2 protein chains.
Amino acid sequence: MLRISKLTDYGTVVLAHLAHDDSSLVSASDVAVATSIALPTVSKLLKALARADLVRSTRGAQGGYQLSRGAKEISAAAVIDALEGPVSITECSSHDGHCDIESVCAVGGAWQRINIAIRRSLEEVSLADLLQAQRLPSRFEFAGTPINIEMKN
Amino acid sequence: MLRISKLTDYGTVVLAHLAHDDSSLVSASDVAVATSIALPTVSKLLKALARADLVRSTRGAQGGYQLSRGAKEISAAAVIDALEGPVSITECSSHDGHCDIESVCAVGGAWQRINIAIRRSLEEVSLADLLQAQRLPSRFEFAGTPINIEMKN
DNA sequence: ATTAAATAGGACTAAAATAGTCCTCTTTTA
DNA sequence: TAAAAGAGGACTATTTTAGTCCTATTTAAT
């Protein structure tokens with residue numbers, strides 16, 4: 001259920017590598033070697049991440065990529081947006097999506113609300129959190145009720 | 001990002017219809033007519049929902065389906081599980097999934113944690129909630145920009 | 001008993017999304 | 001000016017998802 005794409009997952013790994021090598025420029029091929037992800041794929045990911053301004057690129061020889069801001073300033077939501085676009089949880093809730101059964105749909109905006117709730121929680125999680133895999137401080141509201149999320153481990 | 005499949009969405013609509021017609025048995029074709037979803041599709045959905053024990057089926061003439069429990073006792077998570085299987089947010093976090101880059105993956109269990117968080121929130125939401133959530137214009141911020149979500153009925 | 005109305009299960013096909021590769025162009029440094 | 005990088009996009013293959021259809025089984029009504 002509710003999966004993110006493999007590319008997004010890889011994207012996180014790539015970002016993680018950049019976060020590690022903090023100050024210096026890292027080329028796509030370095031990242032590919034370090035992560036064992038095929039170079040064309042890494043390249044594609046980094047281009048998309050650059051367009052979304054999550055990484056900054058420097059062209060030319062000795063060029064490469066670096067995070068455009070600190071790992072704490074990059075949210076999981078931003079990563080997903082960059083690599084999958086701002087798509088919603090259901091088709092009919094996306095902006096120009098058209099829903100065949102709209103007129104008889106009893107469910108209406110319910111999934112949207114869930115979507116928003118999930119989105120908020122993803123905004124609370126930063127790349128730094130992902131790296132540390134420590135307790136995630138997630139707390140958000142759904143349908144007016146505050147929901148606390150505790151994580152085991 | 002993070003979408004549920006169209007079938008799951010339809011499944012919710014189907015369940016919503018059953019919840020409406022509370023006490024009596026409703027045949028798959030009745031549901032199909034009422035929801036404007038093609039009969040074979042409705043049929044397929046109801047079978048899956050029956051296997052997951054979200055609806056109870058009665059075979060034979062005058063047979064049909066009904067919810068196996070009250071709408072409040074059916075969580076969004078259960079619906080998703082029934083129709084998409086208990087898959088995780090990433091491939092490598094699913095139970096028997098194998099991840100190519102496991103050995104160098106710096107992200108590790110981070111997405112799993114997010115997955116658990118989302119899952120919990122989906123367990124908090126019942127079918128009854130989904131039904132009530134009609135027509136609430138929503139507003140939230142993304143990347144500092146306020147975003148309005150309008151629902152067209 | 002027989003027939004008709006249902007569901008059960010699964011095989012199959014079609015369509016769409018995803019993943020991955022490759023080519024050509026531009027930029028920059030040595 | 002050559003080599004090392006990224007930019008952009010076209011293209012292909014694969015996988016997933018959606019949707020249909022067929023056959024078997026169950027049950028109620030006649």
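So that the names make sense, note that chain A is the first sequence line, chain B the second, and so on, each numbered from 1. The shown structure was predicted, so the numbers you read here are calculated from the model rather than taken from an experiment. The figures here come from the full heavy-atom set of this structure, side chains too, leaving out hydrogens, waters and symmetry mates.
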Whole angstrom value for the distance that separates C1' of dT16(D) from CD of Glu84(B): 11 Å
Taking side-chain hydrogen bond (donor to acceptor under 3.5 Å, both in side chains) as the test, write out the residues that go with Thr58(B), two or more places apart. none
Is any side-chain N or O of Ser5(B) closer than 4.0 Å to OP1 or OP2 of dA18(D)? yes
When Val26(B) and Pro40(A) are each assigned the nearest nucleotide of DNA chain C, the 5'-most assignment goes to Val26(B)
Output all residues satisfying salt bridge (Lys or Arg N to Asp or Glu O under 4.0 Å) with Glu123(B), sequence neighbours left out; order by chain, then residue number. Arg119(B)
Identify the pairs formed between an N or O of the protein and an N or O of nucleotides 12-15 of chain D at a distance under 3.5 Å, and give each distance.
none

Residues within residues 41-50 of chain A bordering DNA chain D, heavy-atom distance below 4.0 Å: Lys47(A)
side-chain N/O Tyr65(A) vs dA7(D) OP1/OP2, d < 4.0 Å: yes
Per Leu7(A) side chain, nearest of listed nucleotides dA19(C), dG6(D), dA8(C): dA19(C)
Would you kindly give the CD-to-P distance between Gln66(B) and dT7(C), to the nearest whole Å? 12 Å
Sequence-distant partners of Ala82(B), side chain to side chain contact (heavy atoms under 4.5 Å, CB included), two or more places apart: Leu49(B), Ala52(B), Leu54(B)
Nucleotides 28-30 of chain C: which of its N/O atoms have a protein N/O under 3.5 Å away?
unit_1	atom_1	unit_2	atom_2	d
dT28(C)	O2	Ala61(A)	N	3.3

Which pair of heavy atoms, one from Val31(B) and one from Leu18(B), lies closest together, and at what distance? CG2-CD2, 4.2 Å
Atom CD1 of Ile37(A) and atom C1' of dT21(C) are separated, to the nearest Å, by 15 Å
Take Leu15(B) and Leu45(B), measure what side-chain contact (heavy atoms from CB on, under 4.5 Å) needs, and give me the verdict at the end. CA-CA 10 Å; Leu15(B) 285 170; Leu45(B) 287 167; over 6 Å; no
Say whether, by atom type as modelled, one donor and one acceptor occur between the side chain of Ser68(B) and the main chain of Asp53(B) under 3.5 angstrom. yes
Kindly give the heavy-atom pair with the smallest separation between Ala19(B) and Leu127(B), and that separation in Å. CB-CD2, 4.4 Å
Once you round it to whole Å, what is the distance between P of dT7(C) and CG of Asp30(B)? 9 Å
Between OH of Tyr10(A) and C1' of dT18(C) the distance, given in whole Å, is 12 Å
